[in-house]
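A, B, ... follow the sequence lines: proteins, then strands. Residue 1 opens every chain.
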There are 4 protein chains.
Amino acid sequence: MRAQRADARRSQILDAAVQVFAHKGFHAATVRDIAKKAKLADGTMYLYFKNKNDLLLAILDRMRERERHAVESPRGLTPDANARTLWVDSLRQRIDVFRGSLRELQAVLPDILRAPVLRRRYLQAVLPSRPGFAEPTVGAVGDESALRELDPRLSQRIMPSLFMGLLVLRMLGDVEVDALWDALPEQLAELLHPPRKAAPRPAAAAARSPQTRGRRRAAS
Amino acid sequence: MRAQRADARRSQILDAAVQVFAHKGFHAATVRDIAKKAKLADGTMYLYFKNKNDLLLAILDRMRERERHAVESPRGLTPDANARTLWVDSLRQRIDVFRGSLRELQAVLPDILRAPVLRRRYLQAVLPSRPGFAEPTVGAVGDESALRELDPRLSQRIMPSLFMGLLVLRMLGDVEVDALWDALPEQLAELLHPPRKAAPRPAAAAARSPQTRGRRRAAS
Amino acid sequence: MRAQRADARRSQILDAAVQVFAHKGFHAATVRDIAKKAKLADGTMYLYFKNKNDLLLAILDRMRERERHAVESPRGLTPDANARTLWVDSLRQRIDVFRGSLRELQAVLPDILRAPVLRRRYLQAVLPSRPGFAEPTVGAVGDESALRELDPRLSQRIMPSLFMGLLVLRMLGDVEVDALWDALPEQLAELLHPPRKAAPRPAAAAARSPQTRGRRRAAS
Amino acid sequence: MRAQRADARRSQILDAAVQVFAHKGFHAATVRDIAKKAKLADGTMYLYFKNKNDLLLAILDRMRERERHAVESPRGLTPDANARTLWVDSLRQRIDVFRGSLRELQAVLPDILRAPVLRRRYLQAVLPSRPGFAEPTVGAVGDESALRELDPRLSQRIMPSLFMGLLVLRMLGDVEVDALWDALPEQLAELLHPPRKAAPRPAAAAARSPQTRGRRRAAS
DNA sequence: CATGAATGAGAGTTCATTCAT
DNA sequence: CATGAATGAACTCTCATTCAT
C-alpha cells in the first residue's frame, strides 16, 4: 500500500521529468519546472530522488527495465513463419519498444552524449551491443545479402545506426520520418533482407515477388 | 584590415566555444570557460557576440558556410570515371565535409535537438533536405539498386540517417565506428550502390583506409 | 497518570535534543535528527513543544530546575567539619551539579552566547549571580585569603570564571582538564582557600580522585 | 595596487562577517546578512572566499596573525623592572591582544566549540598551549606562590581558564566584567603572583606594602 | 579595444512545520 | 495520540552580463 503510493509518486515525477527534459534538456530544466509539471511542491521531489541527477539515472533505469521486459516476454511469433517474416516481426518488436521510450530517449540522449559515465553505464547496454538488436541484420543474412561484402563491424552497426539516425531526424522535427515510422519494419526488411523466393542461387536477377521483381544485384 | 582583426577574434572565440561546448555542452559551459580557452577576458566575448546564445548560432552559421563552400566548389572529379566512382567520390566529399565539422556537430547537436528555434532555423538546412546530400543515393541508383522499391521519402533519408546514426555512435564512444570512418564511402557504396557484375571484392574496403588516414579535417 | 506519560515523552525528547545539540549545535541540528534519536516521528515533537526553539528553552528550564533542587536539598554536611572542609564540600557539590548538566551546558552554551533573550532570561540566573555559587569563595575567606585585596566584583567572579574557563577548555577537547575534573574541588581549595599553617600536602589532590571517579552524574 | 584593493575587500568582508557571526552565530548568519553589512552584492563574497566556511577559517587566520604580530614585536619593557612588573606587563600585553580580537573571539568561539577540525587546527595554537600564555603563571612563581601545591597541569591552566571564563561572562552580558577589564592585569597579578617585599622567607605574615599589607598565607 | 571586479537573478537543495490519515 | 508525506520559504552558491577603468 505504502510502497504502491511511493511508486506512483516516483512515476509521476519521472513522467514529468521526461517531459521537461525532452523539452528543455537536462541542464536547462529546473527542478521547479518538473515539480510544477508533476503538480507537486519543489521539495517533494527530494523525498523520492536524491537530486536532479538521480532523476536522469532513474529515467534510464526505467527505460532499461521496460526494454528488458519487452525482450524477455516477446509476443508469440507464428511458428511456421518463414525467416523473413520472423525477421520483420522481431524488427517490429524492437521498433515498438523503441517507440515506447521515444520520449524518454529524446529526453535523455542529448545529455548522455556528453556524460562518459552515463554512456558507459547505460548506453552500451541500451544501444549498439544490445543483444538481438544488431543480430537480425547479420544473422539472417544469407550469402546473397547486400551486406555480404561489408566489413562485419559496419554491417553490425547498420541497423542501430539507421535507427539512431532516423530517431535524430525525428527529434530534429522531420515530420516525414514520423509518418514513415510504422512502415519502417517492412521497409527496412526490404532494404536489408530482401525476400528470396528460391534457394540460394549464385546467379540470376530473378523476379522473386510481384512487388520486388527485378530487385537486388543481378550477379554476384 | 580592422574587419580582419575582428574576424580573427571571432574565430578565436568560436573555436574555443566549440571545444568547450563539445566537452561540456552548451548549458554546462560557462562564459568564463570559453574566455579562458580563448585566452581572453570574460567580458571581451561580449564585444564580438551579443551573448552566449549568439555563440551557438554563430557556430551553426559557420558550419553552414563551410558546407556551402564545400558543395559549391567541389574538388575536380575524374571526368572519365564511371557512375559508381562518381558516386563514391561525391559521397567521400560529403563525408569529409562532415568530418571537418565533426567537433562542431558534437558541440552543437545535443542542444539543437531541443531548441525548436535552432532546429527550424538551421538544421533543416544543414541536414536532411540539404541539396545533394540525399540525391546521390537516389539519383545514381539504377534499376538494380536495393533502394528502388522503397518509399522515396525513406530512401531519401537512408543516407543522412545512416550517417547521423554512425555519428551518434561515435559520440557515444564506439571506437569501431571511429576506426571505420575512413572506409565509409566505399562501404556505403558497397551497400547501397552495389557494383555490377563483378565478383565479390572483400578487400576493397580495407584497402582504402591506409591512404585516407591522415586526411583528417582536410576539408575544414 | 496521563500527565506522567506526557512528562516521560518530554524527557525523552529533551534527552535526544541535548545529545544532538551537544553534537551539532542548535542550528545545525535538525528536528529529524532529534526525532530519530528519540525514536519518534518527526511531527510528534510538535505535540510536546511549540517548536524547535522551545526545545532550547525547555532544556534550560530543566537545567535550572535541577540546579535549584541540588541547592535546596544539599546533602548533609559533616557537622563537625572545619571551615575549609565545609568550603571544599560545598564546592564539590557545585561541581557535581555542574557535571550533571555538563552535556546540557555543552549543548546549550554556544547558542546562548548570542541570543540576548536566552541570556537575559536564563543565564544570569544560571551562572554568575547564582546564589551561593560565588559566595563560598568570598564568604568563607578569612583575613589571610588571597582574595582579600581584590576588587570584590572580581573576587566574586573568580570561581565562576575559572569554572567556565575550565569547562570551555574541556569542550575544546583538553583531555588534561577532563582528567583533573575530579580533583578540582581540592585543588581549587588549595588555590583560593589555602590551608592554614599546615605543611604542604602535595598528595592531597591526587588522593581524592579514586573515590570520586565513577560518581559521574550522581547529582543529575 | 590590485593586490591592495583585494586585501581591502577581504578585510571589509571579514569585518562584516565578524560582526554578523558575533551577533547571530555562524549558522544563523546568512551570506546575505554579511554581504549587506559589507555593502556588497551577495555574490561578491565568493570572489574573495571559497564559501561561507572559508570565511570562518579566514577570521581565525587573521586572529592568529594578529597574535603572532603582537607576540613577535613586544613593546619595549622597562629593562630594570623587577620580576613582578615584568609579569604584569606581559600579562597586560596578552590581555590587550585578547581584547583586540575580542569581537572575533566572540564571533568564532561558540562555533569552534563543536567543530573538531577547527579546534584541532586553530585553538590549540590560539589558546591553552599558546607559548607564553600559561608560562608567566608558572615560570614566575617562586616557592612561595599560591600555585606551588597545585597539580602542574592545573596551574598551567589557571590563567587561560580564568581568562576564558571572564570572557564568557562578558559574552554573556556581564557588565561588571566589562568594567573590570582594564584592571585585570593588576588584579590577576595580585591574585596569582603576590608581590614580595623581601627575600624568600618561609615564615611570617609580613606587611609588604601599604595596600597589600597582611596578605598571603602566613606560613607555608 | 580590452579588462575583470562587481552584480544579482535564479539555480539546487534543505528543513521547520503542518495536517490528513 | 502518533505518524510521516507534503509543503514552500529560505538558504548557499553560480554565472551571464555590465561597466568603470
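- Rounding to whole angstrom units, CG of residue N53(B) and P of dC15(F) are separated by 17 Å.
- Summarising the geometry, the separation between CG on L40(B) and P on dA16(F) is reported as 16 Å, rounded to the nearest angstrom.
- Residues L57(C) and F49(C) have side chains not in contact (no heavy-atom distance under 4.5 Å, counting atoms from C-beta outward).
- With rounding to the nearest 0.5 Å, the separation of CG in L40(C) from CE in M45(C) is 11.0 Å.
- Protein atom CG of D33(C) is 13 Å distant from nucleotide atom P of dT14(E), rounded to whole Å.
- Under 4.0 angstrom from either OP1 or OP2 of dT7(E) there lies at least one side-chain N or O belonging to T44(D).
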Tabulate atom names and distances for all N/O pairs under 3.5 angstrom spanning the protein and nucleotides 9-12 of chain E.
residue : atom : partner : partner atom : Å
dG12(E) : OP1  : A29(A)  : O            : 3.3
dG12(E) : OP1  : K52(A)  : NZ           : 2.8
dG12(E) : OP2  : V31(A)  : N            : 2.9

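- Between the CD1 atom of I34(B) and the P atom of dT3(E) there is a distance of 16 Å, given to the nearest Å.
- Rounded to whole angstrom, the span from the OH atom of Y48(D) across to the P atom of dG4(E) amounts to 13 Å.
- Under the side chain to side chain donor-acceptor pair (under 3.5 Å) criterion, R10(A) pairs with no residue at all, not counting sequence neighbours.
- Rounded to whole Å, the distance from NZ on K24(C) to P on dT14(E) is 12 Å.
- A distance of 12.0 Å separates CG in D7(C) from CZ in R5(C), rounded to the nearest 0.5 Å.
- With E104(D) contributing its side chain and M63(D) its backbone, the two residues share no donor-acceptor pair below 3.5 Å.
- The side-chain hydrogen bond (donor to acceptor under 3.5 Å, both in side chains) pairs that include a residue from residues 38-54 of chain A are R32(A)-D42(A), where partners are two or more places apart or lie in different chains.
- With sequence neighbours excluded, the residues that form a side chain to side chain donor-acceptor pair (under 3.5 Å) with D33(B) are K24(B), T30(B).
- The L47(B) side chain lies nearest to dA2(E) when the options are dA6(F), dA2(E), dG4(E).
- Summary of helix geometry: the two end axes of the helix from dA2(E)-dT21(F) to dT21(E)-dA2(F), each defined by five base pairs via their C1' atoms, are inclined to each other by 0° (rounded to 10°).
- When rounded to the nearest whole Å, the span between CZ of F49(A) and C1' of dA5(F) equals 15 Å.
- Contacts of residues 8-16 of chain A with DNA chain E (heavy atom under 4.0 Å): none.
- Note that CD1 of I34(D) is 9.5 Å distant from CD1 of I13(D), once rounded to the nearest 0.5 Å.
- The shortest side-chain heavy-atom distance between K37(C) and D15(C) does not fall under the 4.5 Å cut-off.
- One interatomic measurement links the two molecules: CE of M45(C) to C1' of dA16(E), which rounds to 8 Å at whole-angstrom precision.
- You'll find the side chain of V108(D) stays beyond 4.5 Å of the side chain of F26(D), heavy atoms only.
- To the nearest 0.5 Å, atoms CD (Q12(D)) and CZ (R9(D)) are separated by 5.0 Å.
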